[in-house]
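All remarks here apply to the structure that follows.
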2 protein chains.
Amino acid sequence: MEALEKSAILNAVDTLFDSEIEFLSELSSHPSTRGNEQSAQDFMANELRNRGYDVDRWNIEVEDICHLPGFSPVIGNYDDAVNVVGTHKSTTNKGKSLILNGHIDVVPEGPLDMWDTPPFSPRVDDGWMYGRGTGDMKAGLASNLFALDALREIGYVPAANVHFQSVVEEECTGNGALACLQRGYKADAALIPEPFDEQLVSAQLGVLWFQVHLKGIPVHVAYAGSGSNAIEAAIPLIDALHKMEARWNEPQFRHAQYCNHEHALNLNVGKIEGGDWTSSVPAWCVFDVRMGLFPGQSIDDAKREIEEVLIEAAQGHSFLRNNKPEIVYHGFHAEGYALKDHKVASARQAISKLENAHHLVTGNALNMAPITATTDGRFFGLYADTPSLVYGPAAESIHGFNERVDLESVRRITQTTALFIADWCGLEKL
Amino acid sequence: MEALEKSAILNAVDTLFDSEIEFLSELSSHPSTRGNEQSAQDFMANELRNRGYDVDRWNIEVEDICHLPGFSPVIGNYDDAVNVVGTHKSTTNKGKSLILNGHIDVVPEGPLDMWDTPPFSPRVDDGWMYGRGTGDMKAGLASNLFALDALREIGYVPAANVHFQSVVEEECTGNGALACLQRGYKADAALIPEPFDEQLVSAQLGVLWFQVHLKGIPVHVAYAGSGSNAIEAAIPLIDALHKMEARWNEPQFRHAQYCNHEHALNLNVGKIEGGDWTSSVPAWCVFDVRMGLFPGQSIDDAKREIEEVLIEAAQGHSFLRNNKPEIVYHGFHAEGYALKDHKVASARQAISKLENAHHLVTGNALNMAPITATTDGRFFGLYADTPSLVYGPAAESIHGFNERVDLESVRRITQTTALFIADWCGLEKL
């Protein structure tokens, strides 16, 4: 790639940037929480079709993927789970192929009164775009799409196949990305612009979700002494889980990428529901837990230890002792993945090309850092031996209120992505 | 009343008892949880109308009662809250008038799989009728109605006005009984056959319901350390409330009727809900609490202390310290009431007549005992100076699974009630 060509690419991103912001705003106005992604996916499919990509829009079928490594258990069916992939077919195939992946699903917006402005009415203020999903990760879908657009703007397309993926289920299982793999979408590398502050993710954690179902003895509260409160029974179990969390974070158990991280593995009680009448001792309580795992930590071992911890804690409770908590797995069975440990040659090459592109755009060396979350990157890395570059813009308050993404950061990520595509795939004339 | 007449009344209850069981079964098949009492109330109104009573069926209006003593705050309107009163008008008015009160609302049935048979498909087994509400307190509505029927069966009606009341809202506010008072239904005594094992209630507790709303700082669980978990923030507050509960139960604070009761005042965390995503630190949690009060204990003082306890506990929490729990009152603001302390002459007379009737039916002395719950009896006793006799059949597992009522006990209560009516109101020819 010539210097002149590089600067033309950067300029093209600038030229299109107003359109990119407009696209991001429209995409972020679709309230694509889990189960409600259809309109956002229709919008994506349409945008891809208008640009001439081959568009594959399909419903995920559990039976197609449930036997595959990396599958996470789900309750209910997937009638509403739609993936979209737009494919650029190279005519020359001179370069290396690429997956540009992003997820369309966003986490719930929570109580509206805690937002300054409505979460699905995106607004720009002082260089930030506010709205649920703007950062996590619709800005990434935008930068993937407009990086390709920028190349077209100057008369080029990638000289290798590129699969643009807009997937569901990233926030709870990853089964959307898994379904892409199962459907045959493979490439020499994958780029996922998750909002981690323009750093390249060196390692990501595993994540396990589980539900704890507790029973009680329901009686009229007048006789509370003879009942057993299922809500309060959760308290010692939560306490025992936090003790386990502390153990797992001890220095001797840490993965090398997290050795200086005092508390990489977070346990979160994210939801709770119990009881149905204030004057009845509650007969049931369910709470939902997320627990992190280090790369290399076995999901099966983790589940076994969690179950042991809960059963042991239940031994100290007069009713639960004989009415054991039921543990239901519903959601993430995600293993950790460390790009830094990925020994395939293409990993080193891909990282090097991204470093170059990042340096050209920002003037800075590309920082590699581990994250304390999971991403869909694990599927490409672990189950398809494809290096996963997780590298996206700066965002704030993801999963919180007034989520926002830094638009200048989105511009830089789009530029880096365009340069990376040009370098990794090579270019051919449109 | 002659001995012959008494025995005719007892026989008449026996004659009609199959019909009474059938009536109770049909009434208990209406799933009259709060807000869903209409079909049960239609059934009651129809049964009363068929017997020739003047039937008053009306929607409770909050604005009619919200200024009255004993009113409990509610959220939302009362579009669905229907009371039914059937009145027998005496032609002679020789005796004392009477309110026969019962509530039609039942508490939620809870998870169906914890019932041996469906809660709203009543069944009889070994002398018990099973089903939600059979004991609490549709059997009481049946015994009130069939006690009057038994008198008619032998050609008599009460020689004083009798108001048969089927009210809503007993299980959460008592505003149904309050609306009867407001509408002008008064009498010389009230009988409420709540299922307290054929004992006369000497005293009942007050009950206060409150909701505690907590906020948190929602972040992606990857950064849990920078968030504040609203669900886990509930734990120290619940602990502080239990310490308050222990204080309130100390011997020096006990009402005389409860002096030997180690733990009359129960605090119950009956419901909880919080968070909406397993991998987000939850931003909100709400839990619902019921707390008992002794007769004479001030509702306002109790509220003040509860608020102080919660605010003080919040001081120990880094986030809640500056984001105080919000306390919402929604449901019972019920004062305690002690029939035993009721100094009106008619109280002594009514108790004496009930003792006689009970002795005649059971051969035993009537036991008076305090209960650790509230009933609608407080409205008549405290706000209309009308002695409230709370006296009903034996039931088990009220508010629990497989709730059941002892049918022979229902028969005895019906007989005692019929005798009591005959004695209190006197009889006149049909």
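Everything numeric in this text was worked out from a predicted model, so none of it was measured. Computed over heavy atoms, backbone and side chain alike; hydrogens, waters and symmetry mates excluded. Chain letters run A, B, ... following the sequence lines, proteins first, then strands; residues in each count from 1.
At a 4.5 Å heavy-atom cutoff, the contact between B/Trp284 and chain A is made by side-chain atoms alone. Neither the backbone nor the side chain of A/His330 comes within contact range of chain B; no heavy atom of the residue lies under 4.5 Å from a heavy atom of that chain. Residue contact with chain B, scored on non-hydrogen atoms closer than 4.5 Å, involves the backbone and the side chain of A/Val269 alike. Looking at B/Ile272, the atoms closer than 4.5 Å to chain A (heavy atoms on both sides) sit in the backbone and in the side chain alike. In this structure, chain A has no heavy atom under 4.5 Å from any part of B/Phe287. Heavy-atom distances place no part of B/His263 under 4.5 Å from chain A, backbone and side chain included. Neither the backbone nor the side chain of B/Glu403 comes within contact range of chain A; no heavy atoms are under 4.5 Å apart. Interface remark: A/Ile398 contributes backbone and side-chain atoms alike to the contact with chain B (heavy atom separation under 4.5 Å). Contact annotation for A/Glu171: both backbone and side-chain heavy atoms come within less than 4.5 Å of a heavy atom of chain B.
Rounded to the nearest 0.5 angstrom, B/Lys215 NZ and A/Asp113 CG are separated by 5.0 Å. The OG atom of A/Ser280 sits 10.5 Å away from the CZ atom of B/Arg290 when rounded to the nearest 0.5 Å.
Among B/Ala373, B/Gly400, B/Ala224, B/Pro108, the residue with the largest count of heavy-atom pairs under 4.5 Å with chain A is B/Pro108. Ranked by heavy-atom pairs shorter than 4.5 Å toward chain A, the options B/Val107, B/Thr374, B/Val219 are led by B/Val107. When the candidates A/Ala230, A/Gly216, A/Cys172, A/Ser226 are compared by the number of heavy-atom contacts under 4.5 Å with chain B, A/Cys172 comes out ahead. For the options B/Ile235, B/Asp288, B/Asn229, B/Ile231, heavy-atom pairs under 4.5 Å to chain A are most numerous at B/Ile231.
Looking at every heavy atom in both residues, A/Met114 comes nearest to B/Ala283 through CE-O, 4.1 Å. Minimum interatomic distance between B/Asn266 and A/Val221 (heavy atoms only, all atoms of both residues): ND2-O, 2.9 Å. Considering every non-hydrogen atom in both A/Ser279 and B/His399, the closest pair reads O-ND1, 3.4 Å. Heavy-atom minimum distance, B/Pro282 versus A/Asn268: CD-OD1, 3.7 Å.
Side-chain contact check for B/Val289 versus A/Thr278: every heavy-atom pair is 4.5 Å or farther apart. Taking 4.5 Å as the limit, every side-chain heavy atom of B/Glu273 sits out of range of all side-chain heavy atoms of A/Lys271.
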